[in-house]
Amino acid sequence: MRYKYDYSETQIASLFTVIASVLIIFDIFYAATLNIYVVFILGVLLSAMGLNRFYERNVMKHLHVDIINDEVRHYKGESGVLKIRIAQKGIMPILSAELRVTAGNDIKFFSDQALKIRQQTETTAVFTVLSKSETVIEIPYTAAKRGVSYIVDSRISIPRIFGFGHMDLRQIGSAKHEIMIYPDKFAVHNEPIKFKIAQGLFKNNESLYNDPLLTLGNREYMEMDSFRDINWKQSARMGELQSKIYEKTTYTEWLILVNLRSESVFAPPENIERIFEKLSFLTGEIAKEEITYSLIANMKTFDKGSYFRIDELNGLRSYRPVLEALSKIKTVTFTIAFERFLNHVRLYEKVPTHIIFTGETDALIDRELEYFLHRGITIYQLNDKGLERYGKNTGTVKAVSR
């Protein structure tokens, strides 16, 4: 971390500077005879001022502050320690200095001194580092909620050992670190909710699906067909829209669609954090089964108009990336209505074999989901009840045990 010195002179130091200047002027211009004790005090003051300036100019030249554990991962509710190393590679010691650290309230320092309205957590630590040595400050905290926390500000107050007051160092730029808090991995058990991916129930290796890379022929266009499947050359030749016929495949791929918008407003659903906790558990079970899956949220990223996504995860090694993705999703952000989002998925995304979507539905969302059902895609809904089969009036598969 880099710091800038905010210079400020104390009132006492300013007063002694004025007194010393007046005495020197009287001695030079008015030939005043100063008492030997006054001359001694004046010499001490001038020496202290000179040493103080020398200390101010040199103490920061070789001062290095950095975060040792710059990438930390926690589950919600776990405790951790932020380790900050302060090294003085020069000859100027730092005695009883104070470090004030401010971070986002995704974590909470044990000795939190921040105001709640600031949505931050703040604490202070006192340290001493001698010349050509270093010290490590450990600041304990608790992972308070899902998200990513950063040190947004830090300040160091160093006593002037040859003068009065303190030197105030202000952090410039960002601290290159992050504390990532995953959704609570135990939440799905606490209700209690029991979920198990059963062979032949969720992953059916005997089912046949379309492989868009293998085209067999063409047929008349149907309303539920995607625009991507239209054969435009054949349509122009026949005078009516023609859709491609694909080879069948047994490859299974899941698509998880996260709805960050509530039913009628731009605010996120009230249970969105619980949904994230269930997704944390659910994706862990999918990873154990080594099912390939992707996750997309209806949150705009402003990167060429795309949505927040993470693609083609598979196996236990994929579990950490998806947990990081769930931690980074912001619930208060620019989102698209879920029915419009489903329309985008239908037109532009790779056709999966299974879809899991979060939240509740309405008439517009149901109409969009019907297109996927007509294409033979198995759909599941993840909500407060758990994981349920969507689109079946009878024989609904539930993943909740009460």
Side-chain angles (χ1 to χ4, degrees), residues 1 65-85 101-112 114 119-123 125 136-154 171 173-190 195 256 258 260 268 272-297 299 301 308-333 358 382:
M1 295 188 291
V65 182
D66 59 278
I67 300 173
I68 297 177
N69 48 345
D70 54 355
E71 289 190 7
V72 184
R73 303 292 184 264
H74 293 292
Y75 283 99
K76 179 182 173 183
E78 291 183 343
S79 298
V81 176
L82 179 66
K83 297 182 179 180
I84 301 177
R85 177 170 50 222
V101 179
T102 305
N105 66 345
D106 302 292
I107 64 172
K108 185 176 181 181
F109 293 126
F110 281 10
S111 55
D112 184 22
Q119 296 185 347
Q120 294 175 342
T121 182
E122 187 174 270
T123 190
V136 176
I137 298 175
E138 296 187 352
I139 304 176
Y141 61 84
T142 300
K145 62 180 183 179
R146 179 194 63 85
V148 183
S149 183
Y150 305 94
I151 291 182
V152 296
D153 186 39
S154 65
Q171 177 184 322
S174 59
K176 296 180 179 180
H177 88 111
E178 63 179 15
I179 301 174
M180 186 171 292
I181 298 94
Y182 299 149
D184 184 5
K185 62 180 178 180
F186 302 109
V188 283
H189 298 285
N190 294 339
F195 170 79
I256 301 176
V258 183
L260 299 176
I272 189 63
E273 292 301 327
R274 179 58 60 87
I275 291 295
F276 282 128
E277 292 169 353
K278 292 179 179 181
L279 282 174
S280 173
F281 178 76
L282 176 63
T283 51
E285 295 299 305
I286 295 174
K288 292 177 184 178
E289 293 291 324
E290 296 187 350
I291 298 173
T292 300
Y293 67 101
S294 301
L295 183 145
I296 314 177
M299 177 182 77
T301 61
F308 183 93
R309 64 188 302 145
I310 182 167
D311 291 315
E312 296 188 351
L313 301 164
N314 185 279
L316 291 176
R317 290 185 178 180
S318 71
Y319 192 40
R320 174 171 172 171
V322 78
L323 286 177
E324 292 180 351
L326 291 175
S327 300
K328 292 178 181 179
I329 292 178
K330 297 179 180 179
T331 56
V332 182
T333 184
T358 68
L382 182 65

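Basis for what follows: all heavy atoms, side chains included, without hydrogens, waters or symmetry-related copies. These numbers come from a predicted model, not from an experiment.
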Mind listing the closest non-hydrogen atom pair of [X] and [Y] along with its distance?
X    : Y    : value
L326 : R146 : O-NH1, 2.6 Å
A175 : M1   : CB-SD, 3.6 Å
F109 : T121 : N-OG1, 3.0 Å
N314 : E290 : ND2-O, 3.0 Å
E122 : D112 : N-OD1, 3.1 Å
I310 : V322 : CD1-N, 4.1 Å

Test: E178 and R73 ion pair at under 4.0 Å: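 So E178 pairs with R73 through a salt bridge.
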
Any residue meeting side chain to side chain donor-acceptor pair (under 3.5 Å) with D311, in chain and number order, not counting sequence neighbours: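 So D311 forms a side chain to side chain donor-acceptor pair (under 3.5 Å) with R309.
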
T331 vs E273, side chain to side chain contact (heavy atoms under 4.5 Å, CB included): CA-CA, chis, key distance, verdict: CA-CA 9 Å; T331 56; E273 292 301 327; 4.0 Å; yes

Matching residue for F281 among E277, K278, E285 - test: side chain to side chain contact (heavy atoms under 4.5 Å, CB included):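 The option that passes is E285.
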
To the nearest 0.5 Å, what is the distance between [atom1] on [X] and [atom2] on [Y]?
X    : Y    : atom1 : atom2 : answer
I107 : I179 : CD1   : CD1   : 4.0 Å
K145 : N105 : NZ    : CG    : 4.0 Å
I137 : I67  : CD1   : CD1   : 11.5 Å
N69  : R85  : CG    : CZ    : 10.5 Å
K330 : L260 : NZ    : CG    : 12.5 Å
I272 : L279 : CD1   : CG    : 8.0 Å

Taking the side chain as every heavy atom from C-beta outward, state whether [X] and [Y] have any atom pair closer than 4.5 Å.
X    : Y    : value
T333 : F308 : no
L82  : I151 : yes
L282 : Y293 : no

Pair S294-E312, side-chain donor/acceptor within less than 3.5 Å: no

Test item: side-chain donor near acceptor, S154 and Q171, under 3.5 Å: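 There is such a pair (donor and acceptor under 3.5 Å, judged by atom type) between the side chains of S154 and Q171.
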
Report yes or no: does [X] contribute a side-chain atom to a donor-acceptor pair with the main-chain N or O of [Y] at less than 3.5 Å?
X    : Y    : answer
T358 : L382 : no
T123 : S111 : yes
S149 : G104 : yes
Y319 : I286 : no

Worked check of side chain to side chain contact (heavy atoms under 4.5 Å, CB included) between F276 and K76: CA-CA 12 Å; F276 282 128; K76 179 182 173 183; over 6 Å; no

Derivation and outcome, side chain to side chain contact (heavy atoms under 4.5 Å, CB included), residues D184 and S280: CA-CA 7 Å; D184 184 5; S280 173; over 6 Å; no

CA sep, side-chain torsions, deciding dist, call: M180, K328, side chain to side chain contact (heavy atoms under 4.5 Å, CB included): CA-CA 8 Å; M180 186 171 292; K328 292 178 181 179; 3.4 Å; yes

